[in-house]
Amino acid sequence: MMKHTTTILGIAGSLRWASYNRAALRAAQQLVPKDAVVESFELDGIPGFNQDDEAHPPAKVVELKTRVRAADAILLVTPEYNYSIPRVLKNALDWASRPYGDKAWNGKPVAVMGASVGMLGTARAQYHLRQVFVFLNMYPLNQPEVMIAHAAERFDAAGNLLDAHAQDLIRQLLRNLVAWSRFLRQGPGGSV
Ligand SMILES: Cc1cc2nc3c(=O)[nH]c(=O)nc-3n(C[C@H](O)[C@H](O)[C@H](O)COP(=O)(O)O)c2cc1C
């Protein structure tokens, strides 16, 4: 039987043109196993969440919710801002979690990675993100933890990820995410 191609929706939590996290997501698109694809959703243009608008969200939020629902799994690539998740990423998670009872994230397998110029490579932001998954009812992959520290030394000026160890971890993360989403769809030994 033909194996189902796993569609992973990648979202990087930075709007910055030369963002290391957007670059890490592009690297993931290259490193994904053959039986999967990593798509990318850019967060620019999503306004700050206002609960007054949750019943009639902006078109970009409607698109985000549609893309999340269509994906087999989610890959969040988070920067670390002041030891936590950047506003643009939390804002997107919040928008697509509303209105109450209509959260697009519900039941989705999710993997996390992140790059920072600091020495802990977004560790603190990633653990905050994992806390948020509890109420979103997402199913996080535990390992590997992909924390790209000292990012300025790991990417070239064009945003190519040069670090072989980080590349290996991303490859493993995506392999595990494909297996995890297959497991959740089918149970152990599932063939789709
Ligand atoms: C508001 C702000 C807060 C930051 N806080 C942290 C931090 O807590 N830990 C850290 O390692 N780097 C921190 N940084 C540095 C980021 O790692 C760096 O700006 C990184 O390039 C952001 O990700 P990006 O390249 O994907 O935009 C912070 C940067 C900004 C702008």
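Not measured: the values here are computed from a predicted model. Atoms within each ligand, like the ligands themselves, are counted from 1 in listed order.
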Tracing side-chain links under 4.5 Å among I, L, V, M, F, W and Y, which residues wind up in one group with Met147?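 Tyr127, listed by chain and number.
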
Among all protein heavy atoms in this structure, tell me which lies nearest to atom 5 (N) of ligand 1, with the distance rounded to 0.1 Å.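 Scanning the protein heavy atoms, the shortest distance from atom 5 (N) of ligand 1 goes to Asn82 N, 2.8 Å.
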
Among protein heavy atoms, which sits nearest to atom 11 (O) of ligand 1, and what does the distance come to when rounded to 0.1 Å?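 Sorting protein heavy atoms by distance from atom 11 (O) of ligand 1 puts Ser116 OG, 2.8 Å first.
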
Would you say the side chains of Gln29 and Arg26 form a donor-acceptor pair under 3.5 Å?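 No pair is found: no donor N or O on one side chain lies under 3.5 Å from an acceptor on the other.
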
Tell me whether atom 24 (P) of ligand 1 lies less than 4.0 Å from at least one protein heavy-atom position.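 Protein heavy atom within 4.0 Å of atom 24 (P) of ligand 1: present.
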
Can you find an N or O of Ser19 that's nearer than 3.5 Å to an N or O of ligand 1?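 Yes: some nitrogen or oxygen of Ser19 is under 3.5 Å from one in ligand 1.
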
Quick one: look at Arg16 and ligand 1, take heavy-atom pairs under 4.0 Å, and tell me if it's side chain, backbone, both or neither.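 Answer for Arg16: side chain.
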
Mark up the atoms of ligand 1 that fall under 4.0 Å of a heavy atom belonging to Asn21, in ascending order.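 Matching atoms, with element in brackets: 23 (O), 24 (P), 26 (O).
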
Return the closest protein heavy atom for atom 10 (C) of ligand 1 as residue, atom name and distance.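 The answer is Glu80 OE2, 3.6 Å.
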
Check the pair Asp72 / His4 against side chain to side chain donor-acceptor pair (under 3.5 Å), numbers first and verdict last. CA-CA 10 Å; Asp72 295 305; His4 169 95; 2.9 Å; yes

Tell me every residue that passes ring-ring contact (aromatic ring centres under 6.0 Å, His included) with Phe133, counting only those two or more places apart in sequence or in another chain.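 In terms of ring-ring contact (aromatic ring centres under 6.0 Å, His included), with neighbours along the sequence ignored, Phe133 is linked to no residue.
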
Examine the proximity of ligand 1 to Ser14 and report which part, side chain or backbone, both or neither, has a heavy atom under 4.0 Å away.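 The answer is the side chain.
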
Please write down residue, atom name and distance for the protein heavy atom closest to atom 21 (O) of ligand 1.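 Protein heavy atom at minimum distance: Tyr20 CD1, 3.4 Å.
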
Quick test of your reading of the model: are Lys90 and Asp94 salt-bridged, counting only N-O distances below 4.0 Å?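 Salt bridge present between Lys90 and Asp94.
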
Following the transitive rule for hydrophobic clusters with a side-chain heavy-atom cut-off under 4.5 Å over Ile, Leu, Val, Met, Phe, Trp and Tyr, establish whether Ile8 and Leu76 coincide in one cluster.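 As far as the 4.5 Å side-chain criterion goes, Leu76 and Ile8 are not connected within one cluster.
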
Just checking, is any N or O donor in the side chain of Gln172 or Asn176 under 3.5 Å from an acceptor N or O on the other one?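 Their side chains do contain a donor-acceptor pair, which is all the 3.5 Å distance test asks for.
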
Do me a favour and list the nearest non-hydrogen protein atom to atom 8 (O) of ligand 1 with residue, atom name and distance?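 The answer is Tyr83 N, 2.8 Å.
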
Less than 4.0 angstrom from a charged side-chain N to a carboxylate O is my criterion; do Asp44 and Arg22 meet it?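 No salt bridge links Asp44 with Arg22.
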
Among protein heavy atoms, which lies nearest atom 22 (C) of ligand 1, and at what distance?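 Scanning the protein heavy atoms, the shortest distance from atom 22 (C) of ligand 1 goes to Pro79 CB, 4.1 Å.
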
Connected via hydrophobic side-chain network under 4.5 Å: Leu64 and Val112: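 Leu64 and Val112: one cluster.
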
Provide the number and element of each atom of ligand 1 under 4.0 Å from a heavy atom of Gly118.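 Listed by number with element: 11 (O).
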
Could you identify the single nearest non-hydrogen protein atom to atom 17 (O) of ligand 1 and state the distance to 0.1 Å?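 The closest heavy atom on the protein side is Val117 N, 3.2 Å.
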
